[in-house]
Amino acid sequence: MQDKLPVIPLRIGGKEMASTPSIQFPVYSNAQQKDVSLCESANASTAALAADAAQEAFKTWKKVPAVERRELLQNYAKALRANADQLVAVQQEETSAPELWCRKNIELAVGLIEETAACITSLKGSIPQTSSSSVLSLAFTVPIGPVLVIAPWNSPIILGARNIATAVAAGCTVVFKVSENCSQLHHLLVQIFEDAGLPKGIINVIQANREMASEVTEAVIAHKAIRKVEFVGSASVGRAIGQLCSKYLKPIFMELGGKGPAIVLEDADLPAAAKRCIMGAFLHHGQLCFSTERIVVAEKVAPEFFKLLIAETESFPVTDGVSPRIVEASLQKLLDAEKKGASFLCGGPEKLSSSKLRPTLLQGVTKDMDIYYEEAFGPSASVFVARDDDHAIEIANDSSYGLNAAIHTQNFDRAWRMTQELDFGQVHINNMTPHDEPTFPIGGVKGSGWGRNNALWGLQEFSETKLMTWSVEGQKFV
């Protein structure tokens, strides 16, 4: 019965609560074909309370020494490992992800947190030169203040744990707006953090149903306490949140969607490149911002490479998507492309179940098709043939996105020259487009957002520089 489902509350100021009046919404599991929990939805009032709580907690948290914050993150990483089985079970229940992907989420999240812990004491200042020997200047790093962190469902442990841990490591307090698709999992990340020693109230957790989401998000951004926003998600939602931040003069740090191209040159290891292109395109049902969306092949080896791609596609064990709604949206892009003249190298617009599409390679994709510019966000990729390196770069760059790309070649000089011409935040040579490690600066350009995550780069996003001058003699007026 619906009334026996566990209820996920709001967590504000260290206390569990609900809005008044209480508004609840269900979380649906594709894997189980049923609702698995009920969530309390925030409204504008409870969203403001969460920002108030973050502001109050910041008064003391900003004074906690860096070495204590470092130890806390180290303990958090250990606690995530110790709770891996529970995290896997909840992620599978809410997002229907396979166990391998869930454990990869934990592995990378732990590595990211450990690396961030190692970088905390690298947040340093400087002593700028002054025009007078009687004036001392100190430029030092301080936490930016209470922040709003919004995490997605598709890599929920990586992008949830990393983002809250980075903000906390920098000395910030957090309003954590969790995904309505995996609220229990995101709450669990905070609970594990608190069990590892984080004081309650440093992270305040809210979620909202779709009807309340805009109101709740604006209420937090508008709050005078909030000093910055971090959003990871779709470009369309990022655009709306960016407009709100502009309205209230709040800086925003965004990692949005991508249209990742993989360029395959004639000197590449073709079998290895085909495997990496298909893995990059279809991993996690193609529901990654880093997914390979375009495969651009040198004309000389295109016929041979297409055969390898087809073989890899037909043997790839594609997993379920997170929800029928998102799968249906991906299907509609394939149908639109077919209607406008695209053909299928293999696969096609077919559902294998309500939450799974057949792995598909399209050819003949043109600029009037939705899938040319928009993220497929499903297990499909478009193939293109390039006359030469310049043509390959032109095809790859013809996108409003600029998150990540790949080049497959044995020639370093060629890869270096092409990397400089590609408008992407990261370019991976002889690897998949989805490639993230704890020591990498990860982020996009153009419509894929701005700012860089991971390690010291991420800490700097939640910090600012303050200047103090000490005048021994005082300023002289002539």
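Just the heavy atoms: all of them, side chains too, but no hydrogens, waters or symmetry mates, feed the values below.
Among all heavy-atom pairs drawn from Leu256 and Gly447, the shortest one is CD1-O, 3.5 Å. What you find for Ala455 and Pro438 is that their closest heavy atoms are CB-O, 3.7 Å. Nearest approach of Ile442 to Gln426, heavy atoms of both residues: CA-OE1, 3.6 Å. Shown here for Ile206 and Val175, the closest heavy-atom pair between the two residues is CD1-CG1, 3.9 Å. In plain terms, the two heavy atoms of Leu265 and Arg414 that are nearest each other are CD1-NE, 3.5 Å. Residues Arg103 and Ala84 share a closest heavy-atom pair of NH1-CB, 3.9 Å.
In this model, no donor atom of one side chain and acceptor atom of the other lie less than 3.5 Å apart for Asn181 and Tyr28. Side chains of Asp368 and Thr366: a donor-acceptor N/O pair is present below 3.5 angstrom, by distance only. At a cut-off of 3.5 Å, with distance as the only test, no side-chain donor of Asn453 or Asp436 sits close to an acceptor on the other residue. Side-chain atoms of Thr409 and Asp267 include a donor-acceptor pair closer than 3.5 Å.
For Arg81 and Glu114, the salt-bridge test passes: some basic side-chain N is under 4.0 Å from an acidic carboxylate O. Arg417 and Asp389 are not joined by a salt bridge, as no carboxylate oxygen comes within less than 4.0 angstrom of a charged side-chain nitrogen.
In this structure, the side chains of Ile295 and Phe384 stay at 4.5 Å or more apart for every pair of heavy atoms. Taking the side chain as every heavy atom from C-beta outward, Leu362 and Ser380 approach each other to under 4.5 Å. Between Phe462 and Glu230 the shortest side-chain heavy-atom distance falls below 4.5 Å. Between Met418 and Val427, every side-chain heavy-atom pair lies at or beyond the 4.5 Å cut-off. Between Leu148 and Phe176 the shortest side-chain heavy-atom distance does not fall below 4.5 Å. With a 4.5 Å cut-off on side-chain heavy atoms, Leu403 and Phe424 do not count as touching. Residues Leu80 and Leu87 have side chains in contact (heavy-atom distance under 4.5 Å, counting atoms from C-beta outward). Residues Lys228 and Pro251 meet the side-chain proximity criterion, which asks for heavy atoms closer than 4.5 Å.
Sorted by first then second residue, the ring pair (Phe, Tyr, Trp, His ring centres under 6.0 Å) pairs that include residues 249-295, not counting sequence neighbours, are Trp101-His284, Phe282-Phe316. Pairs engaging residues 287-307 under the side-chain hydrogen bond (donor to acceptor under 3.5 Å, both in side chains) rule: Lys259-Glu293, Thr292-Thr433 [sequence neighbours left out]. Every pair passing side-chain hydrogen bond (donor to acceptor under 3.5 Å, both in side chains) that includes a residue from residues 244-258 is listed here, sequence neighbours excluded: Glu218-Lys247, Glu218-Tyr248. Among pairs with a residue in residues 208-217, those fulfilling side-chain hydrogen bond (donor to acceptor under 3.5 Å, both in side chains) read Glu180-Arg210, at least two apart in sequence or across chains.
Distance alone, capped at 3.5 Å, is enough to place a donor-acceptor pair between the Asp336 side chain and the Asp370 backbone. Side-chain atoms of Asp388 come within 3.5 Å of backbone atoms of Asp390 as a donor-acceptor pair (strictly under, hydrogens ignored). Of the possible polar contacts, one joining the Arg452 side chain to the Gly444 backbone as a donor-acceptor pair under 3.5 Å is found. In terms of modelled atom types and a separation under 3.5 Å, the side chain of Asn163 and the main chain of Leu159 share a donor-acceptor contact. Looking only at distances, no side-chain donor or acceptor of Thr116 sits under 3.5 Å from a matching main-chain atom of Thr166. A donor-acceptor pair under 3.5 Å is absent between the side-chain atoms of Ser463 and the main chain of Pro143, judged by distance alone. The main-chain N or O of Ile158 is never found under 3.5 Å from a side-chain atom of Ser155 such that the two would form a donor-acceptor pair. A donor-acceptor contact shorter than 3.5 Å links the side chain of Glu94 to the backbone of Leu185. Of the possible polar contacts, none joining the Tyr401 side chain to the Gly449 backbone as a donor-acceptor pair under 3.5 Å is found. Using a distance-only test at 3.5 Å, with no hydrogens or angles considered, a donor-acceptor pair links the side chain of Thr141 to the main chain of Lys124.
Summarising the local packing, CD of Gln420 is surrounded by more than 12 heavy atoms from other residues, nucleotides or ligands at distances under 6.0 Å. Remark: Leu352 CG is packed, more than 12 non-hydrogen atoms of other residues, nucleotides or ligands lying under 6.0 Å away. Atom NZ of Lys104 sits in a sparse spot, with 12 or fewer heavy atoms from other residues, nucleotides or ligands closer than 6.0 Å.
Ile393 CD1 to Thr419 OG1: the interatomic distance, rounded to the nearest 0.5 Å, is 9.0 Å. With values rounded to the nearest 0.5 angstrom, Ile8 atom CD1 is found 7.0 Å from Ser183 atom OG. The CD atom of Glu99 sits 10.5 Å away from atom CD of Gln91, with the distance rounded to the nearest 0.5 Å. Here the straight-line distance linking atom CG of Asn30 with atom CD of Gln92 works out to 13.0 Å at 0.5 Å rounding. Considering CG of Leu334 and NZ of Lys351, their distance stands at 11.5 Å, rounded to 0.5 Å. In this structure, Glu312 CD and Cys277 SG are separated by 10.0 Å, a value rounded to the nearest 0.5 Å.
Applying side-chain hydrogen bond (donor to acceptor under 3.5 Å, both in side chains) to Gln207 and the options Gln184, His186, His187 leaves one that passes, His187. Residue Val264 forms a side-chain contact (heavy atoms from CB on, under 4.5 Å) with just one option from Leu270, Asp269, Val296, and that option is Leu270. A side-chain contact (heavy atoms from CB on, under 4.5 Å) with Val147 holds for exactly one of Ile164, Val174, Thr173; it is Val174.
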Q: Walk me through it: do Phe377 and Ile326 pass the test side chain to side chain contact (heavy atoms under 4.5 Å, CB included)?
A: CA-CA 8 Å; Phe377 219 63; Ile326 294 169; 3.9 Å; yes

(Q) Evaluate Arg162 against Asn454 for side chain to side chain donor-acceptor pair (under 3.5 Å), listing each step before the verdict. (A) CA-CA 8 Å; Arg162 177 196 67 183; Asn454 297 359; 3.3 Å; yes

Q | From CA spacing to verdict: side chain to side chain contact (heavy atoms under 4.5 Å, CB included), Phe306, Leu309 | A | CA-CA 5 Å; Phe306 286 173; Leu309 285 178; 4.1 Å; yes

Q. Could you go step by step and tell me if Phe412 and Ile429 meet the side chain to side chain contact (heavy atoms under 4.5 Å, CB included) rule?
A. CA-CA 9 Å; Phe412 180 86; Ile429 312 304; over 6 Å; no

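Not counting sequence neighbours, Glu93 has no partner by the salt bridge (charged side-chain N to carboxylate O under 4.0 Å, His left out) test. When the ring-ring contact (aromatic ring centres under 6.0 Å, His included) test is applied to His428, the partners found at least two apart in sequence or on another chain are His435.
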